[in-house]
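Right, one structure below, let's go through it.
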Amino acid sequence: PPVPCGPLPTLEAVLALLAPSGLELHVELKTARVAYPVLVPAVLRLVSAAGMEQRAALLSYHPPAPRDARALTPPRACPALRYEAREETG
């Protein structure tokens, strides 16, 4: 039987929970078929506001999303913020 669960947390809530923990967060940007030009800047703002620049990885199967993130982030400001484009598999 299905397991009952509450509403999904927002990215802001997840970042608030993880920020004091020291854990790393991997955020997958779902942009493969439709372009959301505000998505990458919004995610970067939330990550920065939570102070998670050193412990966040942005992932996407759509190469422009990580490229956009890299272009919007000064490398010296958050050297550990990683962006990875992944290839879709079967």
Side-chain angles (χ1 to χ4, degrees):
V3 176
C5 62
L8 292 175
T10 63
L11 177 58
E12 189 173 20
V14 171
L15 288 164
L17 180 70
L18 290 181
S21 73
L23 295 173
E24 187 174 279
L25 176 66
H26 293 219
V27 179
E28 184 175 344
L29 303 169
K30 299 285 193 175
T31 61
R33 301 224 187 309
V34 178
Y36 298 101
V38 298
L39 178 65
V40 170
V43 169
L44 289 173
R45 271 193 307 277
L46 290 172
V47 167
S48 180
M52 293 278 297
E53 300 97 327
Q54 301 298 318
R55 296 179 286 129
L58 304 183
L59 314 164
S60 180
Y61 287 96
H62 188 60
R67 245 190 334 260
D68 293 348
R70 196 174 294 111
L72 290 170
T73 309
R76 290 186 183 141
C78 17
L81 189 56
R82 295 188 312 277
Y83 312 101
E84 300 173 19
R86 297 190 174 176
E87 292 182 25
E88 285 191 62
T89 56

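For the residue pair E24 and R55, the shortest heavy atom distance occurs at CG-O, 3.1 Å. For the residue pair A19 and A50, the shortest heavy atom distance occurs at CB-O, 3.6 Å. Across every non-hydrogen atom of M52 and L23, the tightest pair is CE-O, 3.8 Å.
Pairs engaging residues 37-46 under the side-chain hydrogen bond (donor to acceptor under 3.5 Å, both in side chains) rule: none recorded [sequence neighbours left out].
By the side-chain hydrogen bond (donor to acceptor under 3.5 Å, both in side chains) test, E28 pairs with K30, sequence neighbours left out.
At a threshold of 4.5 Å between non-hydrogen side-chain atoms, the residues L11 and L25 count as touching.
The side chain to side chain contact (heavy atoms under 4.5 Å, CB included) test with P9 singles out one residue from V14, L15, L17, and that residue is V14.
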